[in-house]
Amino acid sequence: MALLQISEPGQSTAPHEHRLAAGIDLGTTNSLVATVRSGIAETLADENGLHLLPSVVAYLCDEMPLVGHEAQDRANHDPHNTIASAKRLLGRGLDDVKTLGSQLPYDFIEESGMPRIRTVAGELSPVQISADILRSLKQRAESSLAGDLTGVVITVPAYFDDAQRQATKDAAQLAGLNILRLLNEPTAAAVAYGLDQQAEGIFAIYDLGGGTFDISILRLHQGVFEVMSTGGDSALGGDDIDRMIAEWLLQQAEIGENASPHLLRQILGAARLAKEQLSHHEQADIQLILEDEQKTPWQIQLSREKFDALVDPLISKTLLPCRRALRDAGLNPEDIQEVVMVGGSTRVPRVRERVGEFFQHEPHVDIDPDKVVAIGAAIQADILAGNKPDNDMLLLDVVPLSLGIETMGGLVEKIIPRNTTIPVAKAQDFTTFKDGQSAMAVHVLQGERELITDCRSLARFELRDIPPMVAGAARIRVTYQVDADGLLSVSAQEQTTGAHSEISVKPSYGLSDNDIEGMLRDAMTSAQQDAQARTLREQQVEADRVINALRAALKADGHHLLKRSEFENIQQHLDSLLHVTRGDDPQVIKQAIDKLDQVTQEFAARRMDSSIRKAMQGHHVEDFQNEDAAS
Amino acid sequence: MSDNTLLTENYFQLFKLPMQFELDITKLRTAYRELQRQFHPDRFAHASDQERRIAMQKTTQINEAFQTLKQPLKRAQYMLNLKGMQPDPQVTPPLEPEFLMTQMELREALEGISQQADPSMVLMGFNDTVSQHIQQFLQQFSTLFQQEKLAQAQTCVNQLHFFYKLQEEAEKLEETLL
Ligand SMILES: Nc1ncnc2c1ncn2[C@@H]1O[C@H](COP(=O)(O)OP(=O)(O)OP(=O)(O)O)[C@@H](O)[C@H]1O
Ligand SMILES: [Mg+2]
């Protein structure tokens, strides 16, 4: 493993035990869990043989919440305590929620910070509700795989901003899941589709689900999935189609503004049913019980034609990001080889028709639009868990929305433009504008617009202790770094003196670390002893890994890449790690591993550099297999 | 660690490409992909945290190098930087009046587009004009650079910035028209 792999990244040196890993599609409407078993990726069913888990949680007094179908069954008669579509609220602020909230039959608590919903089980955040769904999928996976999951890949809409991604990560942590990666939903779909069809070339993935819309344009070449551009709307999906129909029904039935939550639920349910029927029929019959004592239901028919007219504006709203994504990729519709339709809402015939027209291509609808995302996530999870050392697949994704910084006059200056391949780091220098200025505020924003008020505010922090200088003399370097999960961290440093201030951006709307820790503590006190023993084992295994790898690396390269004193220093730390590994304190072992990590840092970097040089010397560009050029 | 040290002397060498402005984008892409395949952190799934961190830094550099060479304007400036030129506005000579006139005319044209009868069509024509200017200046840059007329090449790049800015604004206008 480890250092040895540098020369041959694909190959593991030690026999490797299969680690249980899963891919989770945490959807607005439906969630799924999938895994790779004997080389085949498949979604896992519950005890009734059902694969889709409705993303609905019903909270009860003094009992564990119900998740999925059971919860869904309660939605009509207990609307306040049955929460659906929590994903639409994830990582959002109160303002967003107010606009969305007027459409949702929940009891929101309006205080500063993160929105919460009042239920019989207490005030709950969207993060907690999502965690309940994830917990249920975790249980399903662990019971059907008969073992603990080592890690999961969770998918998020490509167009999710930093706060929404962070909130998803928080939910996973709360559910006790180890996240290997946040993966963009259309990219996951491309993986499942691409591997299945052995596709090569340029593809568009059009993903219209329950609550979100994404478009991604990818270039597939010999196992490398390169996202060229992405776009979307994180508040547009089947839920909105339902609402359009519901509004029409409210009008037709002459129901005023103040429909009860019960009635609203019923109408939304009827709307959804009618919509789904219209995917296969020319007409849908809708029945509503308008008042409790009423015997005969109120009836109306919705024709396909009328339905198409109702959804057309929503479909148009998806084509705008499609156009932008094409432009950002520098492509025309005819450059797209295939359009792959993902998400339940692409079953609407009118959607297929108009997407087909736009791309001048009959869209590809043969794959199961519900399952592809989870399956792609499972494939990536299997690789990231280390089960597929020889696999050639590689995903190169992008930042969906530009990341910027506030400058004078409430304007945003972009530091990382949208559709930049991750991981990425960019630095920009700023200066002081007053003599003797000792602090500088950094305001981090995400979005495409020019005014800070039109962008999402991600974080604010201050660089202090700037030594007194005349205006314009200080050099303050602000660095933005986006990791492979698409998560941002920002740091700032005064270059002439090294005054340093660093933060990892956390969403202003999410839980604070303390909140999460508190919740985790509550959930975990009982399981603590088990955990202790497990941690010790994990640390010992990790120590073995590190020791073996380092020995191999020293043997291979130690003599020509290290000075004698460096070699001896490393050897000494290696010995002390060996020594503490035999003890029983996981903390001490961890410290020794970290220490060794620190002293071998430079060695590892030199090995990597030297192997890159070797790799590039070994090949000539002409030797690489050629491909179609369409850029 | 050797955090910001380049893998090779310059980006062209990294991708094994000749240092010239006209570049074979397919070769660039192929070499890029090959490097990613070897050094992306995901290829180190069961390596140590340390190696994954280093792989991440290297990948970040490879990405930066690719972005720089892929985009003509960035590539041009990068080539000048390698020759010791910097785009310092105080040092570069002022823009020629003729160039400024063109800029002003184009700007006026752009501002007038939304009042036209068929703004989308007019905008398309406008974009074509700007693209032609860009192509012409890129050509000119290439020639100047080959002749080692670096100061003039830098002026050319400075002028190109104006056209790219116009292109950006045209895109914004397009958004409002959609
Ligand atoms: N036959 C059908 N016709 C029309 N719409 C359908 C049909 N079947 C399912 N849908 C709609 O698809 C949506 C659910 O799709 P899907 O399960 O892909 O979403 P999700 O993954 O939960 O959401 P998201 O990806 O936005 O978070 C719902 O709005 C549902 O009503
Ligand atoms: Mg989905």
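Here is how names work: the chains are called A, B, and so on, in the same order as the sequence lines, proteins then strands, and each is numbered from 1.
Contacts between A:Glu226 and chain B at a heavy-atom distance below 4.5 Å involve the side chain alone, from C-beta outward. Heavy atoms of A:Gln380 lying under 4.5 Å from chain B belong exclusively to its side chain. Heavy-atom distances place the side chain of A:Leu394, and not its backbone, under 4.5 Å from chain B. There is no contact between B:Arg52 and chain A, counting heavy-atom distances below 4.5 Å. Looking at A:Ile422, the atoms closer than 4.5 Å to chain B (heavy atoms on both sides) all sit in the backbone: N, CA, C or O. Within the 4.5 angstrom heavy-atom criterion, only side-chain atoms of B:Lys172, from C-beta onward, approach chain A.
Ionic pairing of B:Glu171 and A:Arg324 is not present here: no N-O contact between side-chain nitrogen and carboxylate oxygen is shorter than 4.0 angstrom.
A:Pro423 approaches B:Met56 most closely through the heavy-atom pair CB-SD, 3.5 Å. Annotation for A:Leu395 and B:His40: closest pair O-NE2, 4.0 Å, computed over non-hydrogen atoms.
Within the 3.5 Å criterion, the main-chain N or O of A:Asp392 finds a donor-acceptor partner in the side chain of B:Arg37.
The side-chain heavy atoms of A:Arg327 and B:Glu174, taken from C-beta on, include a pair separated by under 4.5 Å.
Listed by first and then second residue, the salt bridge (Lys or Arg N to Asp or Glu O under 4.0 Å) pairs that reach into residues 147-161 of chain B are B:Lys83-B:Glu148, sequence neighbours excluded.
A:Leu396 contributes atom CG, which lies 9.5 Å from atom CZ of B:Phe66 (distance to the nearest 0.5 angstrom).
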